[in-house]
Amino acid sequence: MKIATYNVNGVNGRLPVLLRWLAESQPDVVCLQELKAPEEKFPEQAILDAGYNAIWHGQKSWNGVAILARNAELQEVRRALPGDEEDLHSRYIEAIVNGILVACLYLPNGNPAPGPKLDYKMKWFERLTIHAAELMEFGVPVVMAGDYNVMPTEIDVYKPERWVDDALFRPEVRAAFKTLVDQGWTDALRKLHPNEVIYTFWDYFRNAFGRNAGLRIDHFLLSPHLDKRLLAAGVDRHVRGWEKSSDHAPTWIELADE
DNA sequence: ATGTCCTCTCTTAGAGGA
């Protein structure tokens, strides 16, 4: 089973690219982030026509997450991260697909930092960490996939020294990611490619893709059940080079059948 | 500060976010 995560940066503006990639890559499950569309503007029919069932949590202008499944039912579990009723950002959705609990998340960016946006990011991280511990205790296979807006280590940034004050790379943000992973999660791409430079995002500015000035911020965290089933992982880097591409590239894992 | 791209509006230019 192939599971992918893709920050599309506008699901409607990106629809031709998304459909082209779905047809080419044929993932079984897809987590999308940054729909940038309200609930009623999600392109459900086009996704259905491409062969995918979908659930989504939209929001006008910003955020928005969705889970797609090919030839499978999606059983929605929740569409918000627990812990703050006042948080109205659409950044989290969770479903059971093919016996796996799939959590699709879009962690806050946090810039400019320091400031209220970084505070919100850190609080969101704490809520995610609390919820992740509960998911781990359920004993079902879990994958938490999405745009974490964190480069976990120096190898995940083209120029680490330039990013130390940025909300995606500040020490406390990296520490929060490590605290989460240390619950027993597997960073799937890093496990299979321990020393390789892997990026999932290249800024639109200054020809970042052409210069390979990238960041690794889209991640798969696997529960121990799924760690044992992990066969392959990678980034569909070429998609970033397509006309009208997102600033992120689709990232994927392949799991063995049980 | 800037670069680019997306979405929305007090809309065809500018603001906010990333």
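So that the names make sense, note that chain A is the first sequence line, chain B the second, and so on, each numbered from 1. Side-chain atoms are counted along with the backbone in the values below, which use heavy atoms only and exclude waters and symmetry mates.
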Report the distance from atom CG of A:Asp218 to atom CG of A:Asn7, rounding to the nearest 0.5 Å.
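That separation rounds to 6.5 Å.
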Distance check needed: [N] [atom2] versus [X] [atom1], whole Å only.
| X | N | atom1 | atom2 | result |
| --- | --- | --- | --- | --- |
| A:Asn149 | B:dG17 | CG | P | 15 Å |
| A:Phe201 | B:dT4 | CZ | P | 14 Å |
| A:Asp247 | B:dA18 | CG | P | 12 Å |
| A:Lys36 | B:dG17 | NZ | P | 11 Å |
| A:Phe205 | B:dC5 | CZ | P | 9 Å |
| A:His248 | B:dT4 | NE2 | P | 18 Å |
| A:Asn7 | B:dG17 | CG | C1' | 12 Å |
| A:Arg162 | B:dT2 | CZ | P | 18 Å |

What nucleotide, of [options], holds the atom closest to the side chain of [X]?
| X | options | result |
| --- | --- | --- |
| A:Ser61 | B:dC8, B:dA18, B:dC6 | B:dC8 |
| A:Tyr204 | B:dG17, B:dA18, B:dT4 | B:dT4 |
| A:Lys60 | B:dC5, B:dC8, B:dT7 | B:dC8 |
| A:Lys244 | B:dT7, B:dC6, B:dA18 | B:dC6 |

When the P atoms of B:dA1 and B:dC5 are compared, how many Å lie between them, rounded to an integer?
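22 Å, rounded to whole Å.
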When you compare B:dC10 with B:dG16, how far apart are their C1' atoms, in angstrom units rounded to a whole number?
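Per the computed distance, 15 Å lies between those C1' atoms.
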Minimum side-chain heavy-atom gap A:Trp21-A:Ser245 below 4.5 Å:
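Not touching, per the 4.5 Å side-chain cut-off.
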Would a 4.5 Å heavy-atom cut-off, applied to side chains only, mark A:His89 and A:Trp62 as touching?
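When only atoms from C-beta onward are counted, A:Trp62 and A:His89 do not touch, as no gap falls below 4.5 Å.
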Does B:dG17 have its OP1 or OP2 closer than 4.0 Å to a side-chain nitrogen or oxygen of A:Lys117?
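Yes.
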Hey, which of A:Trp124, A:Tyr106, A:Phe220, A:Phe177 is the one that makes ring pair (Phe, Tyr, Trp, His ring centres under 6.0 Å) with A:Tyr148?
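Passing option: A:Phe177.
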Using heavy-atom distances to pick each residue's nearest nucleotide on DNA chain B, tell me which of A:Lys41 and A:Trp62 is more 5'.
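Nearest-nucleotide comparison on DNA chain B picks A:Lys41.
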Both A:Asp203 and A:Asn12 contact DNA chain B. Taking the nearest nucleotide for each, which residue is further toward the 5' end?
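This one resolves to A:Asp203.
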Take atom CD of A:Glu196 as the centre, draw a 6.0 Å sphere, and report whether it contains more than 12 heavy atoms from other residues, nucleotides or ligands.
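For A:Glu196, atom CD is crowded (more than 12 foreign heavy atoms under 6.0 Å).
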Classify the nucleic acid contact of A:Pro38 as base, sugar-phosphate or nothing, counting any heavy atom under 4.0 Å across all strands shown.
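Sugar-phosphate, no base atom in range.
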Please classify the nucleic acid contact of A:Tyr106 as base, sugar-phosphate, or nothing, using heavy-atom distances under 4.0 Å.
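Since only primed, P, OP1 and OP2 atoms lie under 4.0 Å of A:Tyr106, the category is sugar-phosphate.
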Which nucleotide, if any, forms a Watson-Crick or G-U wobble pair with B:dT7, using both distances under 3.5 Å?
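Looking at the geometry, B:dT7 pairs with B:dA15.
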